Protein chains: 2
Amino acid sequence: MPAWNAYASACPTRMVLDRVADKWAVLVLGLLTDGPVRFNQLRRAIEGLSQKMLSQTLKSLERDGLVSRRAIATVPVTVEYSITPLGRTLAATVDALRVWAETHIQEVLTSQERYDAGRRDAVSV
Amino acid sequence: MPAWNAYASACPTRMVLDRVADKWAVLVLGLLTDGPVRFNQLRRAIEGLSQKMLSQTLKSLERDGLVSRRAIATVPVTVEYSITPLGRTLAATVDALRVWAETHIQEVLTSQERYDAGRRDAVSV
DNA sequence: GCACCAGGTACCTATTCGAAACCACGGTAG
DNA sequence: CTACCGTGGTTTCGAATAGGTACCTGGTGC
């Protein structure tokens, strides 16, 4: 990897950022860290998630090698999704972002309030 | 902070993820880590960035307290944007994601190719 | 008049996403 | 026999939204 160009669309950081930007993807990944889960189990666990978005999300997660799909030929066909080791490392990294968020969210919210209030005192170094 | 609900839209992790998902925001933040930059300097530095998106991005970054705006009453009014300490900590955290991306992008790309090729051999642990 | 500074605003299009219908398959209830 | 449930999806439709293009301010120097 010879010095990635952050301004190119093929930049790996961009790709990962886009992936992580997917609301449902991180939630699914989070649920899978506790063990394999079936399709409709996921659908019921995540409020507001339509089956369309779920199958779409799972497909791209599988494509990226972050989750693995296993179809079991049972009575009604059971499909089990599990997180891969690679997916687990990404989840751990995203967790760093979660930690940042929970640590600094108050500063962000305070800044937003001041800004929305008309920021009379502006930056107040 | 009493146990954030990751499934709520007001979840801090979601907010931060959405912010980081903004293509231009991370690029702007990245450029600002080297020191203050003016509006049109940013615009020219980042290929494909329209002034609309730039001003929009800068406004929300300023609102979140990640960058600070300083208008200097010079010949034509100069506006200088700089990263705040808070913004710097976020940039550092995002950098962890960049590192993950550059470390594992090859695995992801390989997985994608196998998937797109029809994944005849499926998961091949 | 033209260009540059720092933006604001209107328009228009492309992608995105939710809702809902449809699919096959088998079990079960009537 | 027919109707309906649950399994795991795909497709279609329509509405919302993101984001690019282009044109506006308004002051200054050439």
Side-chain angles (χ1 to χ4, degrees), chain A residues 7-9 14-15 17-28 31-32 36-64 67-82 115-116 118-119 122-123, chain B residues 7-9 14-15 17-28 31-32 36-64 67-82 115-116 118-119 122-123:
Chain A
Y7 303 98
S9 63
R14 255 278 46 78
M15 295 175 64
L17 247 30
D18 285 343
R19 157 90 335 160
V20 158
D22 184 350
K23 177 180 180 177
W24 307 122
V26 288
L27 294 178
V28 166
L31 278 185
L32 292 184
V37 186
R38 288 183 300 100
F39 186 88
N40 277 335
Q41 261 180 339
L42 283 169
R43 202 162 85 73
R44 278 188 290 265
I46 304 178
E47 199 178 359
L49 174 55
S50 63
Q51 63 274 59
K52 175 191 165 185
M53 288 312 293
L54 178 55
S55 75
Q56 191 175 305
T57 299
L58 287 170
K59 249 190 292 187
S60 60
L61 282 175
E62 190 198 356
R63 189 173 107 97
D64 288 356
V67 310
S68 62
R69 196 188 109 111
R70 191 165 67 103
I72 309 163
T74 50
V75 197
V77 58
T78 302
V79 181
E80 192 182 80
Y81 291 92
S82 19
Y115 186 95
D116 293 345
R119 75 279 200 203
V123 196
Chain B
Y7 303 98
S9 62
R14 254 280 42 80
M15 295 175 64
L17 247 30
D18 284 345
R19 158 84 337 136
V20 157
D22 184 348
K23 176 178 178 177
W24 307 123
V26 287
L27 294 177
V28 166
L31 278 185
L32 292 185
V37 186
R38 288 182 301 101
F39 187 88
N40 277 334
Q41 260 180 340
L42 283 169
R43 200 162 85 75
R44 278 189 290 264
I46 304 178
E47 199 178 0
L49 174 56
S50 64
Q51 68 275 47
K52 175 189 166 186
M53 287 313 294
L54 178 55
S55 73
Q56 192 175 305
T57 299
L58 286 170
K59 251 190 288 189
S60 60
L61 283 175
E62 190 197 355
R63 188 173 108 99
D64 288 355
V67 310
S68 64
R69 195 188 111 112
R70 192 165 66 100
I72 309 163
T74 49
V75 197
V77 58
T78 302
V79 179
E80 193 182 80
Y81 290 92
S82 19
Y115 187 95
D116 293 344
R119 75 278 198 203
V123 196

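Lettering follows sequence order; numbering is per chain, from 1. The model shown is predicted, which means the values in this text are computed figures rather than measured ones. Keep in mind that the numbers below use all heavy atoms, side chains included, and drop hydrogens, waters and symmetry copies.
Atom CG in B:Leu61 sits roughly 16 Å away from atom C1' in C:dG7 (whole-Å rounding). Look at CE on B:Met53: it is 19 Å from P on C:dA6, rounded to the nearest Å. Look at CG on A:Asp18: it is 15 Å from P on C:dT15, rounded to the nearest Å. Straight-line distance from the CG atom of B:Asn40 to the P atom of C:dA3: 15 Å, rounded to whole Å. For B:Leu58 and C:dG7, the CG to P distance is 8 Å, given to the nearest whole Å. The distance between atom CD of A:Glu62 and atom P of D:dG8, rounded to the nearest whole Å, is 15 Å. In this structure, the CZ atom of B:Arg43 is 10 Å from the C1' atom of C:dG7, given to the nearest Å. Rounded to an integer number of Å, the gap from CD1 of A:Ile72 to C1' of C:dC25 is 17 Å.
Checking the phosphate oxygens (OP1, OP2) of C:dT16, no side-chain nitrogen or oxygen of A:Trp24 falls inside 4.0 Å. A sub-4.0 Å separation between OP1 or OP2 of C:dG7 and a side-chain N or O of B:Arg69 is present. Residue A:Lys59 places at least one side-chain N or O closer than 4.0 Å to OP1 or OP2 of D:dT10. For B:Ser50 and D:dG20, the shortest distance from a side-chain N or O to OP1 or OP2 is below 4.0 Å.
Taking every side-chain heavy atom of B:Lys52 into account, D:dT21 is the closest of D:dT21, D:dC13, D:dG8. Nearest nucleotide to the side chain of B:Gln51, out of D:dG19, C:dG8, C:dC5: C:dG8. Among D:dG8, C:dC17, C:dA6, the nucleotide with an atom closest to any side-chain atom of A:Gln56 is C:dC17.
Residue-level contact check: B:Arg44 touches the backbone only, with heavy atoms under 4.0 Å from sugar-phosphate atoms and none from bases. Here A:Ser55 lies in heavy-atom contact (under 4.0 Å) with a base. Within 4.0 Å of B:Arg38, counting heavy atoms only, lie sugar-phosphate atoms of the nucleic acid but no base atom.
Pairing each heavy atom of A:Leu49 with each of A:Met53, the nearest pair is CD1-CB, 3.7 Å. B:Arg43 and B:Gln51 get closest at one heavy-atom pair: CD-CB, 3.7 Å. The minimum heavy-atom distance between A:Arg19 and A:Ala25, with the atom names listed, is O-CB, 3.9 Å.
Results of the side chain to side chain contact (heavy atoms under 4.5 Å, CB included) test with B:Arg69 over B:Leu61, B:Leu58, B:Val79 single out B:Val79 as the only residue that passes.
When each of B:Gly48 and A:Tyr81 is assigned the nucleotide of DNA chain D with its nearest heavy atom, A:Tyr81 is the one assigned upstream, toward the 5' end.
In this structure, CD on A:Glu47 lies 11.5 Å from CG on A:Leu27, to the nearest 0.5 angstrom.
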